[in-house]
*Asks:* 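This is the structure, below, for whatever I ask next.
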2 protein chains.
Amino acid sequence: MPVKLDDIDRQIIDLLQENGRMPNNELAKRIGLTTTPTLERVKRLEREGVIKGYTAWIDRPSVNKGLTVFCNIKLSVHQLGKMEEFSKHIHGVPEILACYNTTGEYDYLLHVVVKDTNEYEHFLRTKLTQIPGVERIYTGIVLSVIKEQSKIMVTDNGDFNEE
Amino acid sequence: MPVKLDDIDRQIIDLLQENGRMPNNELAKRIGLTTTPTLERVKRLEREGVIKGYTAWIDRPSVNKGLTVFCNIKLSVHQLGKMEEFSKHIHGVPEILACYNTTGEYDYLLHVVVKDTNEYEHFLRTKLTQIPGVERIYTGIVLSVIKEQSKIMVTDNGDFNEE
DNA sequence: TAATTTAAAGAATATAATCCTGATATAAAA
DNA sequence: TTTTATATCAGGATTATATTCTTTAAATTA
């Protein structure tokens, strides 16, 4: 799955994570190439699936989605076999930004974004508790966001040396 | 903090979340306006801080960051007063994508992205446990990603009616 | 109704993306 | 070492897109 990337590719990935709309000519200037090879590299990264897309980063309070909640979910034992059905339900709920199958006491971690506690209560009652197999829900309300970035650091080769 | 948005603004936000690089003329076509007012609206949304930026969405396994971990952190009581110092440390660690101050048994939830468990162990030993005040760490490894999106649903007015 | 504001259209200009051709470098094979 | 193939890049021409300016229409207010 890892793709061969050289230092220029990593620079491109870095810059496009900082500004996904950076014009190709500026990108070219920054990495020290002309526009043609720069564009070719970007297109290749898109083609190979390294760059999966571009998105606008929205201020959540401005659009009335200022409350973030992380829910830990435990499924009932007899439901654990049919996870596909659970997944299908999750995908249909826009308030759930992310859902991870995790190790530990609970089975799933849900990243939920809503307007306020009222809307969260409504979400719990009409959406989450309606999903079959959900046995226990542990709600962790986000009081404040210390850090939240989408940018991931692309290191030189990905091969990591433990000293 | 919520900004007045009409239906066209919401369409723009929706489309630019789907494709942050959508050309203005296509955006205009989709929302049924000409390029001029469309561009004006986008610029206004950027100016008002509703659109905070644009970013390329990177495939993490492709860049050797295929392991996601959520860490719950408990700070020692005497450290809880000086959270600014904790924040400063968090901001300097690129593996930590997000850090939330949460309710519940633990104080913070950390969203961590690394290459593998080896690199995570190194991260724990050389980064996380070095932050002063960290008393307890509960590690939740992500076994699989059911859903992961950045797009948030922008509803009509943000005023929510509990039935 | 008249004045004022707001939003949008259309045309003209500026800027950027894309395509084409050719040059250079790197690596493998004779 | 020479030849061949393959990658990558540069520069210019073309096309597409963004941006600005001016005008028009609609909505709001006095």
Side-chain angles (χ1 to χ4, degrees), chain A residues 1-59 62-64 150-151 154-159, chain B residues 1-59 62-64 150-151 154-159:
Chain A
M1 186 117 276
V3 178
K4 234 161 283 164
L5 302 172
D6 64 15
D7 195 59
I8 296 176
D9 293 323
R10 280 187 287 273
Q11 274 184 272
I12 290 174
I13 291 169
D14 197 73
L15 289 164
L16 287 180
Q17 282 189 102
E18 287 285 349
N19 175 12
R21 279 196 144 181
M22 182 177 290
N24 187 59
N25 58 8
E26 190 184 338
L27 194 58
K29 207 180 300 166
R30 298 259 198 124
I31 65 177
L33 289 177
T34 55
T35 60
T36 308
T38 304
L39 188 64
E40 269 169 9
R41 279 171 180 269
V42 172
K43 294 296 175 199
R44 179 174 54 79
L45 290 169
E46 291 172 0
R47 204 173 339 108
E48 286 172 340
V50 180
I51 297 175
K52 295 169 91 173
Y54 301 88
T55 184
W57 172 33
I58 303 300
D59 180 62
S62 294
V63 295
N64 273 300
S150 60
K151 184 178 176 180
V154 182
T155 46
D156 47 346
N157 61 2
D159 284 328
Chain B
M1 185 116 278
V3 178
K4 233 161 282 164
L5 302 172
D6 64 15
D7 195 57
I8 296 177
D9 293 323
R10 279 187 288 273
Q11 275 185 271
I12 290 174
I13 291 169
D14 197 72
L15 289 165
L16 287 180
Q17 282 189 103
E18 288 284 350
N19 176 12
R21 280 196 142 181
M22 182 177 290
N24 187 58
N25 57 7
E26 190 184 336
L27 194 58
K29 208 180 299 167
R30 299 258 199 123
I31 65 177
L33 289 178
T34 55
T35 60
T36 307
T38 304
L39 188 65
E40 270 169 9
R41 280 171 179 268
V42 172
K43 294 295 176 200
R44 180 173 55 79
L45 290 170
E46 291 172 359
R47 204 175 338 108
E48 285 172 342
V50 180
I51 297 176
K52 294 170 90 172
Y54 302 88
T55 184
W57 172 33
I58 302 301
D59 179 60
S62 294
V63 296
N64 272 301
S150 60
K151 185 178 176 180
V154 183
T155 47
D156 47 344
N157 62 1
D159 283 326

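So that the names make sense, note that chain A is the first sequence line, chain B the second, and so on, each numbered from 1.
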*Asks:* By a strict heavy-atom criterion of less than 4.0 Å, which residues belonging to residues 24-40 of chain B are in contact with DNA chain C?
*Replies:*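 Residues of residues 24-40 of chain B that come under 4.0 Å of DNA chain C are, in numerical order, B/Leu33, B/Thr34, B/Thr36, B/Pro37.
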*Asks:* Report yes if some heavy atom in the side chain of A/Asp14 is under 4.5 Å from a heavy atom in the side chain of A/Arg10; otherwise report no.
*Replies:* no
*Asks:* Under 4.0 Å between any heavy atoms, over every strand shown, what does A/Arg21 touch: base, sugar-phosphate, or nothing? Just pick one.
*Replies:* nothing
*Asks:* Please write out each protein N/O paired with an N/O of nucleotides 13-15 of chain D under 3.5 Å, distance rounded to 0.1 Å.
*Replies:*
none

*Asks:* Within the side chain of A/Thr55, is there an N or O that forms a donor-acceptor pair under 3.5 Å with the backbone of B/Gln17?
*Replies:* yes
*Asks:* Would you mind reading off the bend of the helix from C/dT1-D/dA30 to C/dA23-D/dT8 from its two end axes, five pairs each, to 10 degrees?
*Replies:*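 It comes to 30° between the two terminal axes.
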*Asks:* Looking at A/Gly49 and B/Ser62, what are the two nearest heavy atoms and their distance?
*Replies:*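 So the two residues come closest at O-OG, 4.3 Å.
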*Asks:* Is the closest side-chain heavy-atom distance between B/Ile12 and B/Val42 below 4.5 Å?
*Replies:* yes
*Asks:* Could you measure the distance from the CD1 atom of B/Ile8 to the CG atom of B/Leu33? Nearest 0.5 Å is fine.
*Replies:* 4.5 Å
*Asks:* Any chance you could measure B/Leu45, atom CG, to A/Asp59, atom CG, to the nearest 0.5 Å?
*Replies:*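 B/Leu45 atom CG to A/Asp59 atom CG measures 11.5 Å (nearest 0.5 Å).
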*Asks:* How many Å lie between CZ on A/Arg44 and C1' on D/dT8, as a whole number?
*Replies:* 10 Å
*Asks:* Taking any atom closer than 4.0 angstrom to a non-hydrogen atom of chain A, what span of DNA chain C does the protein reach, first nucleotide to last?
*Replies:*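 Listing 5' to 3', DNA chain C meets chain A from C/dA16 to C/dC20.
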*Asks:* Per the side chain to side chain contact (heavy atoms under 4.5 Å, CB included) rule, which among B/Leu27, B/Ile13, B/Leu5, B/Asp6 passes with B/Arg41?
*Replies:* B/Asp6
*Asks:* Nearest 0.5 Å, please: how far is OH in B/Tyr54 from CG in B/Asn19?
*Replies:*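 These two atoms lie 11.0 Å from each other.
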*Asks:* Rounded off to whole Å, could you give me the NZ-to-C1' distance for the A/Lys4 and D/dT8 pair?
*Replies:*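 Going from NZ in A/Lys4 over to C1' in D/dT8 covers 16 Å.
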*Asks:* Take atom CE of B/Met22 and atom P of D/dT17, then tell me their distance rounded to the nearest Å.
*Replies:* 13 Å
*Asks:* Sequence neighbours left out, what passes side chain to side chain contact (heavy atoms under 4.5 Å, CB included) with A/Leu39? Give chain and number order.
*Replies:* A/Asn24, A/Lys43
*Asks:* Mark yes or no for whether B/Arg21, through its side chain, and A/Gly53, through its backbone, hold a donor-acceptor pair below 3.5 Å.
*Replies:*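 Pair absent, no side-chain N/O of B/Arg21 close to backbone of A/Gly53.
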*Asks:* Please collect all side chain to side chain donor-acceptor pair (under 3.5 Å) contacts where either partner lies in residues 27-40 of chain B, sequence neighbours excluded, each pair once.
*Replies:* B/Glu26-B/Arg30
*Asks:* I want to verify the glycosidic state of D/dA10; is it syn or anti under the 90° rule?
*Replies:*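 Anti conformation here, the glycosidic angle of D/dA10 being more than 90° from 0.
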